[in-house]
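All chains are named by letter (A, B, ...) in the order of the sequence lines, taking the proteins before the strands, and each is independently numbered beginning at 1.
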Amino acid sequence: MKTITGESYEIRMEDNHSTVFFKGALRLTGVADYLPISDLLRATLVNPAGPVVIDLKELDFLNSSGITMLSRFVIEARDRTGIKLFFIASESVVWHARSLKNLQRLMPALEIRLT
Amino acid sequence: MIANQTLGRTEPESGEKCEYLALSFSPLSAPLCSRWRNNGLSADFLGDYVTTFFSANGDVTDTPAHQKEIKHAVTYIANEFLENAMKYHERDVDIPIGIRLELTGSQITISASNGVGAEQSDRYKAFVERVLSQDAGELLLCQLEESAAGKASIESGLGLLTMINDYGARLGWQFEGHPRYPGFQMVTTSAVLIPAQYKDANGAGVAD
């Protein structure tokens, strides 16, 4: 299990590198500060044995720099062949319904599962 | 002498009774990394502040889901405004960074102001012209693709585009010459939310 933590957030990647969990509120200052998280996400795209799952249902807040980070990840997944990508979202977290649809426009095959 | 300029939609005086809250930050006292945390605290405060009026003023909003949508929209927009103001304000002059929340019975206005030099002012105006002349949704996708391709940094622009595209905010901009610091401008960016357009809690019902 690989974990990145900050004052208001926690990100965990399972040992099989296929699932990443996000929790809390992410408001880092820009792309450079998001790099460790971005690198962790990109690790899921290296020879995945199955679907890649990004679980956002406990991520209550994400600033636009974080949305940029997710967008870059989704575009990279789209541009690789054979990647099956799922996002787990929550109906009770406002930004999920408002902003995740943009990621689907970037990658129509992206599946968003609302819980 | 720098000419004052208004771009986009700024709201005329409606004559409606207005509640407001204004915060002001000195621009010189702490480095960006140490004051970044304050953006989130201040934005959360503004989001919470709005909820005070949910119960006091029945026509601002109604259901808990609707109230949650409005609270999040205010927090998100305030946070983005503060992040942009902290990143791009002119550090060499003592022009405060301000954020203001105004509530009437029918709308919520969040506005942020900061001082900029001529170069930053021109860059920002060029971006605003693009926003005003193109569809925000298309521009957002275009910017995200460009960002992924490693082209020029447009992070602050993405924040503004998500306000329009994802939260249905109407944006306006004012560029004014600063009386104490010739050659510098005070830029005010404002976002207007119409709570009545947030009736659909899953976000599908935001009007243009």
Margin query: Within the 4.5 Å heavy-atom criterion, are Asp48(B) and Lys71(B) side-chain neighbours or not?
Written below: yes
Next item on the list: Let me know if Asp60(A) has heavy atoms under 4.5 Å from chain B in its side chain, its backbone, both or neither.
Entry: backbone
Checklist line | Which of Met86(B), Arg37(B), Glu145(B) touches chain A most, by non-hydrogen pairs under 4.5 Å | finding: Glu145(B)
Notebook entry, point to check: In terms of heavy-atom proximity below 4.5 Å to chain B, should Ser99(A) be classed as side chain, backbone, both, or neither?
Noted result: both
Next item on the list: Consider only side-chain N and O atoms of Glu80(B) and Asn84(B), and report whether a donor and an acceptor are under 3.5 Å apart.
Entry: no
Check: Ser92(A) versus chain B, heavy atoms under 4.5 Å apart: side chain, backbone, both or neither?
Finding: both
Check: Based on non-hydrogen pairs under 4.5 Å, which of Gly40(B), Ala73(B), Ala43(B) is most in contact with chain A?
Finding: Gly40(B)
Next item on the list: If the plane angle is over 60° it's perpendicular, under 30° parallel, otherwise tilted; pick one for Tyr181(B) and Phe184(B).
Entry: perpendicular
Next item on the list: Search all heavy atoms of Cys18(B) against all heavy atoms of Glu102(B) and return the closest pair with its distance.
Entry: SG-CB, 3.8 Å
Item checked: Residue among Asn39(B), Thr75(B), Asn79(B), Thr162(B) with most heavy-atom pairs under 4.5 Å to chain A -> Asn79(B)
Next item on the list: Mind ranking Glu76(A), Glu7(A), Met69(A) by heavy-atom pairs under 4.5 Å with chain B and telling me who comes out on top?
Entry: Glu7(A)
Next item on the list: Indicate whether the side chain of Thr189(B) and that of Tyr124(B) have a donor and an acceptor atom separated by less than 3.5 Å.
Entry: yes
Margin query: Less than 4.5 Å to any heavy atom of chain B: does that hold for the side chain of Leu62(A), its backbone, both, or neither?
Written below: backbone
Next item on the list: Mind listing the closest non-hydrogen atom pair of Leu7(B) and Glu129(B) along with its distance?
Entry: CD2-OE2, 3.9 Å
